[in-house]
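My structure is below; once you've seen it, I'll send some questions.
Whatever order the structure lists them in is the order used to number ligands and atoms, beginning at 1. These numbers were taken from a predicted model, which means no experiment stands behind them.
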Amino acid sequence: MYNYMIKLSKRLEMIAQRVPQGSRVADIGSDHALLPTYLVQQGMISFAVAGEVNEGPRDAAQNQVRMAGLAEKISVRLGNGLAVIEPGEVETITIAGMGGSLISTILEEGKHKLTGVRTLILQPNVGEDFVRRWLDENGWLLTGETILEEDGKIYEILTATRNESDENREAFESMRGQLYAQRVIGQNGEVSLDKEMLMRLGPWLVAEASPVWVNKWQSELLKMDRVRSSMGQSEQESAKLKKESLTQEMNQIQEVLTCLQKVQL
Ligand code: SAM
């Protein structure tokens with residue numbers, strides 16, 4: 001029995017649920033090492049690396065792991081992104097609570113450390129499309145997306161896998177191709193979604209069209225509208241084009257929401 005048991009936020013709990021049982025995990029940007037400590041305490045895994053680039057959160061992680069008596073199972077390491085792991089050391093990587101652009105930079109710079117990694121569980125706070133694009137361009141298949149609301153904030157969790165053997169390569173590549181293939185949605189009118197739009201909205205999230213996802217995009221539309229209003233009435237060609245493209249994007253998102261909301265009623 002442990003001195004105390006970690007209780008996770010709903011967001012971290014949903015990330016934990018996606019970790020394959022018994023896999024070796026690296027949690028990058030682990031801060032207080034809540035996620036790896038929880039996973040070990042629950043008996044879901046028996047080895048983890050908690051990586052941190054900053055000394056403060058690294059110290060917090062180290063204290064947590066020591067207090068939980070898990071220093072032999074959770075290795076706390078200081079370093080930038082995937083620099084804290086060796087190739088082949090873990091099968092699962094979690095990166096949560098950062099921007100999507102930073103998450104994709106960490107993956108890009110640490111590509112050579114991904115040998116043997118089968119599952120990526122990524123929770124960008126913003127810029128989810130950066131992560132989807134990186135996964136798509138680097139041979140990963142986005143296998144699921146979850147959206148949730150906690151304390152007034154909306155979070156997306158993206159899970160991805162990849163095929164390292166020649167077996168099933170064709171089927172795997174065909175699934176990757178289908179994920180972002182042009183799609184037409186809507187029983188009440190039709191909207192055509194291209195790859196770029198699916199990358200923004202999330203291919204699995206579009207298919208599910210949950211109320212939280214609809215709320216997210218309704219409030220994104222309000223933000224975009226504010227940006228458009230602040231652009232004013234400039235006569236400059238470049239400003240006009242920017243405004244036009246924003247309007248086009250907003251119209252498309254609005255069309256998707258209208259279509260899918262009607263279906264839900
Ligand atoms: N992952 C935890 C969560 O989701 O609750 C903590 C998120 S916290 C907001 C982000 C953490 O990522 C910070 O502790 C920060 O120091 C760390 N971080 C930022 N950039 C990093 C990088 N390049 N490599 C490792 N850690 C990083």
- Would you call E196 and R133 a salt bridge, using N to O less than 4.0 angstrom?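 Here E196 pairs with R133 in a salt bridge, since their nearest N and O are under 4.0 Å apart.
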Can you list, pair by pair, the side-chain donor-acceptor contacts under 3.5 Å of residues 34-42, counting residues two or more places apart and other chains?
from, atom 1, to, atom 2, distance (Å)
T37, OG1, A33, O, 2.6
Y38, OH, E13, OE1, 3.0
Y38, OH, E13, OE2, 3.2
Q41, OE1, I6, N, 2.8
Q41, NE2, Y4, O, 2.8

Check each N or O atom of ligand 1 against all protein N or O atoms and list the pairs under 3.5 Å, with atom names and distances to 0.1 Å, one per line.
from, atom 1, to, atom 2, distance (Å)
ligand 1, 1 (N), G29, O, 2.8
ligand 1, 1 (N), A96, O, 3.0
ligand 1, 4 (O), R11, NH1, 2.7
ligand 1, 4 (O), R11, NH2, 3.4
ligand 1, 4 (O), A96, O, 3.3
ligand 1, 5 (O), R11, NH2, 2.8
ligand 1, 14 (O), E52, OE2, 2.6
ligand 1, 16 (O), E52, OE1, 2.8
ligand 1, 16 (O), N54, ND2, 2.8
ligand 1, 23 (N), N80, OD1, 2.8
ligand 1, 24 (N), G81, N, 2.8
ligand 1, 26 (N), V53, N, 3.4

- Quick one: list whatever passes side chain to side chain donor-acceptor pair (under 3.5 Å) with S9, sequence neighbours left out.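 None.
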Under 3.5 Å donor-acceptor pairs involving side-chain atoms of residues 221-228, not counting sequence neighbours:
from, atom 1, to, atom 2, distance (Å)
K223, NZ, E220, OE2, 3.2
D225, OD1, R228, NH2, 2.9
R228, NH1, T247, OG1, 3.1

- Item | W134 (side chain) donor-acceptor with G100 (main chain) under 3.5 angstrom |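 Absent.
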- Examine distances only and state if a side-chain atom of R77 and a backbone atom of V84 form a donor-acceptor pair shorter than 3.5 Å.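 Confirmed, R77 side chain pairs with V84 backbone.
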